[in-house]
There are 2 protein chains.
Amino acid sequence: MTTISVSIFNILANEIVSGVLKPGAKLEEIPLATRFKVSRTPIREVLRDLASKGLVQMEPRKGVLVAQIGLEELSDMLEAECELEALCAQIAAHRMSLLEKKQLERVHELTAIAVSKGDDARYLELNHEFHNLISAGTHNKLIAETVGNLRGRLSGFRQAQSKTEKRLQTSHAEHQCIVDAILSSDAVIAFQKMRAHNARLSSKVIEQLSKSNTNKSIKTK
Amino acid sequence: MTTISVSIFNILANEIVSGVLKPGAKLEEIPLATRFKVSRTPIREVLRDLASKGLVQMEPRKGVLVAQIGLEELSDMLEAECELEALCAQIAAHRMSLLEKKQLERVHELTAIAVSKGDDARYLELNHEFHNLISAGTHNKLIAETVGNLRGRLSGFRQAQSKTEKRLQTSHAEHQCIVDAILSSDAVIAFQKMRAHNARLSSKVIEQLSKSNTNKSIKTK
DNA sequence: AAAGTCAATTTTGTATTCATATTGACATTT
DNA sequence: AAATGTCAATATGAATACAAAATTGACTTT
């Protein structure tokens, strides 16, 4: 058996990372309580948990907002993710079991199919699994959890970006290099390739966001 | 103004990392509530926050224990810290301002005095500040916060260790190398030296803990 | 018309009460 | 005697009630 809070947490966390709840949206306790037909108590616990994962911002006596991530905070997150994932690839390269490597290869092959079909949704799903396998391949639960959490918080930005770009082939080619390095247990190359891959994606995200930001400020004027 | 929860959080978090509250100790809501002369509600929020930082383990309907960190979890944490701090040093080496570098140098000099006097407490304090300056030197709040949180969770083990060891000179010499690298903006060396430094400390911690663990299991038999 | 103040309403923080699950002891049964 | 089952006590999960702070809107005043 589980507690009410965790089920509601999962629902809300999902709605936040999937973009159903937009950044800056107010999360008020009473509406949420009535929506889920519970009292305020479990809702407050959920909000606290969401805050601890960085999905919402809560200020005492002010309330809770869906996290709105500024440019500098975003670049902090992207830099951290870039380095952490490179670290994961490095460690995974000399720590993954044969079975784990096979799984990675398999997912990568499936991704190729999604790319050729231009199936964006499927690609995103497999991409998620790809990075999960690598972080799990570190056999370090703390690192895997940390990077997984970061990816969750960033997924909104990635989705927004992948919709407007047709660089699935490029990404897939880069993944190929990473897979090759890990399969051959070459930690140095795995690190470099993963880092370069993420660095490129990061700059795209930043580029896109600062573009839309300038648009906004023009509109506002 | 602040909320009751955060003040109590700080007190309890401090008691946990300082070892006043021992790993495995039960944290019951009613005793805590009476101790702080508040109701259970803010206590529950504090416990939740402590859990999100990994300082306590809470299981639904079971209660809350001060986190007891197993050997495998500890090595995960040490590995993560080792790599993260090395990363910090690397980034800080090419991002710290002149003022920040001066501050680092100053703390390092003060540490030398503490070492020569054999002042353990002061050394620990300065050591904390030393690592804080470097993580802050990344100018990446997320990374700094992450590594700071990790250090907090690990500080109990470090203290236990530093009491039984007289290797302050060794550590200080290693710090010297790190400071030199950062002052001269040599990111590669800063990374390597910091990584080696932490790796050495980590192995000491593990060594010590597994020793006391075997003692325990012998006793239990 | 604009700015400032004050009151009313709304929302969050805290306390209290109610409900339910776990735990430990004791008894019963095999 | 060991094991299992039941029951009472206790602690946590959830709901409700109360208090305090903040926001909002209207009204006054300049």
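Labels below follow one simple rule: chain letters A, B, ... track the order of the sequence lines, proteins then strands, and each chain is numbered from 1.
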For this session: Please determine which of B:D76, B:L74, B:L154 meets the side-chain contact (heavy atoms from CB on, under 4.5 Å) test together with B:I69.
Result: B:L74
Problem set entry | Between P of D:dT16 and CZ of A:R44, the distance in whole Å | 16 Å
Problem set entry | Atom pair distance, as rounded to whole Å: CZ in B:F36 and C1' in C:dA15 | 17 Å
Exercise. Do any side-chain nitrogens or oxygens of A:S39 fall under 4.0 Å of OP1 or OP2 in D:dA15?
Worked result: yes
Exercise. To the nearest angstrom, how far is B:I30 atom CD1 from C:dT16 atom C1'?
Worked result: 12 Å
For this session: Take atom CG of A:D49 and atom P of D:dG13, then tell me their distance rounded to the nearest Å.
Result: 12 Å
Seminar exercise, completed: B:I43 atom CD1 is separated from C:dG13 atom P, nearest whole Å, by 16 Å
Exercise. Are A:H139 and B:E72 close enough that a side-chain donor and a side-chain acceptor fall under 3.5 Å?
Worked result: no
Problem set entry | B:R195, CZ: over 12 other non-hydrogen atoms inside 6.0 angstrom | no
For this session: Classify the ring geometry between B:H175 and B:H108 as parallel (under 30°), tilted (30 to 60°) or perpendicular (over 60°).
Result: tilted
Problem set entry | A:E29, nearest nucleotide to its side chain (from D:dG13, C:dG13, D:dA15) | C:dG13
Problem set entry | Closest to side chain of A:E28, choosing from C:dT11, D:dT12, C:dG13 | C:dT11
Exercise. Quick one: A:R61 CZ to D:dA21 C1', roughly how many Å, whole number?
Worked result: 6 Å
Problem set entry | Length of the line joining A:R40:CZ and C:dT11:P, which is rounded to integer Å | 10 Å
